[in-house]
Structure formats: C-alpha cells, structure tokens
Amino acid sequence: MNANGNRKTQLLVLLVVVSNVLGNVSLSHGMQQVGRIVSASPFDYLKAFTNPWTAAGICILAIWMLCDLALLSRADLSFVLPVTASAYVLVALFGKILLHEHISWLRWLGIVLITGGVVLAEETPTRTTKGPPEHLI
Amino acid sequence: MKWLLVAIIAICNTLGDVLNTAGMKRQGEVQDLRPQTLAWMVRRAVVNPYVIAGIAAMAVSFFALLSLLSIANVSFAVPATAASYLLETLLAKYVLGEDVRTRRWAAATLVAAGVVLLQF
C-alpha cells in the first residue's frame, strides 16, 4: 500500500480508537446510573436509552461501527485487533488523569504489554490479502 | 450469570469481527471519509449478507455487554473480549487467509495478556 493509503488507514485507526473510548466510557457511566438490567427483551433496554449518557454512548458507538467497517475494508483483522487495543491504554490513562484512579503495578504492566503489542502490530503491513477472502468464507 | 454473559460477548464479538472483515473485503476499500462515501458504504453493507450477520452478532454481544455492565463494573466487562484476541487472530489466519507471522502472534498475545492484567 502506498504512503497516502497507509496514512488513511492510520487515520481510521485513530478514529476507531477515540470513538471506542468515548462511546464505552459514556455508555458505562450511563448504565451505572440506570442500574440492573438482565433481560432478553429489547423493551427493557429502551428505558436505559433515555439516560443521556447511555444515549450519547450509543450514538458514539454507531460512529465507531462505521469507522470500524471502513477500517476493516482496508486492513487485516489481525492488524486491526492489536492496534485498536490501544483503546484500553487510553481508558486506563483517562481514569488515572481525570478520575484520579489508582493504577496498581500489575495494571501498569498490563498497559506496557498492550502498548508493546500495538507497537509490534504497527510494524507489520496493514494489509496482506488481495481482494476478498476466497476460501471457506 | 456473569460468566455466561462473558462467554456470549466473547463468542459473538469473534463471529462479528470475522464476518464483518470477510464482508467488507468483498465490498472493496473505503477510500475516504466523505459523507457520500460513507453513505455508499452503508448502502452496500446493508445488503451484504456477511456484514448483516456480523452486525447481528455484534448486536447480541452489545446487549450482553449492557446486561453485564448493569450488574458488574466495567473492569469485569472489558476482559470479556481478552479471550477473543487469540481466537480472532487464529480465524484471521486460517479463515480469512491473512499473513499472520511471529510479530502479529506476539502482538495478539501481548494484548490478551495485558488486558487480563488490567483487571488487577
């Protein structure tokens, strides 16, 4: 892939990571306010959607879904998975900086391992297949 | 109940990612992020059986995640996907035909291990 194409792929990676973090943090905050729901009925979830944090989280995750599909049209799944795991690192660092959460040394180790995984995957080509997958699926 | 939800999230997440990748590779690469390009992508995606099945799987995973978040905190929910990193990399190699070598295996393993450690 040429440099320009690679830059577009990296921009999509950034959008996927940021929308994933903002969407999940917002959704999680909203669901903690809503309280316990374990149900197979979609109607029980509608009430949860009236919470503004939950609603905002779902809108941001819809944007995440679009960016993720666009990214998967350009890059390998085995590239996208480790690279977008940088979202975990951002969530942990946001928690530390904004909410002053304590990060134990094991969590720091987790952050270091994930960052290592992101860096390693970034050193591989973004796409190794040509055209659609032909066998099995 | 918590662990059943974790299993549903991991399995549906894996299926969703693999199906979406297979479907989107059939659609061709998205070249930019202009609204009309994204609208074109969505119009093709909604009639793409792989993407339909992939999004259905992710929807199941999403509702299971909502349930899990309402009875457990986010630190319990996040590692639900840790298990799927290695499974998805395996499927990417053998089902999607991607060139997964040492670096990508190492990357997936580091991420899966790191996600588990984030719980502590």
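Each chain gets a letter, A, B and so on, in the order the sequences are listed, and its residues count up from 1. Quick caveat, the model's predicted, so the values are computed rather than measured.
- Side-chain heavy atoms closer than 4.5 Å link hydrophobic residues (I, L, V, M, F, W, Y) into clusters, and following such links, even through other members, never connects A:Leu69 to A:Ile60.
- Residue B:Gln27: no heavy atom, backbone or side chain, is found under 4.5 Å from chain A.
- Ranking A:Ser73, A:Ser86, A:Ala121 against chain B, the residue ahead of the rest is A:Ser73, based on heavy-atom pairs under 4.5 Å.
- Chosen from A:Val83, A:Thr128, A:Asp76, the residue pairing most often with chain B at heavy-atom distances under 4.5 Å is A:Asp76.
- Counting heavy-atom pairs under 4.5 Å between each of A:Val119, A:Leu72, A:Leu71, A:Ile111 and chain B puts A:Leu72 at the top.
- Interface summary for chain A: among B:Gln31, B:Met24, B:Glu98, the most heavy-atom pairs under 4.5 angstrom belong to B:Glu98.
- A side-chain N or O of A:Asn24 and one of A:Asn20 form a donor-acceptor pair less than 3.5 Å apart.
- Looking at B:Leu90, there are no atoms closer than 4.5 Å to chain A (heavy atoms on both sides), in backbone or side chain.
- Note that CZ of B:Phe62 and CE of B:Met58 are 11.0 Å apart. Values are rounded to the nearest 0.5 Å.
- In this structure, B:Thr14 OG1 and B:Leu87 CG are separated by 4.5 Å, a value rounded to the nearest 0.5 Å.
- Going from atom OG1 of A:Thr84 over to atom CG of A:Leu12 covers 12.0 Å, rounded to the nearest 0.5 Å.
- There is no contact between B:Leu91 and chain A, counting heavy-atom distances below 4.5 Å.
- Side-chain contact check for A:Ser78 and B:Arg104: at least one donor-acceptor pair (N or O, by modelled atom type) lies under 3.5 Å.
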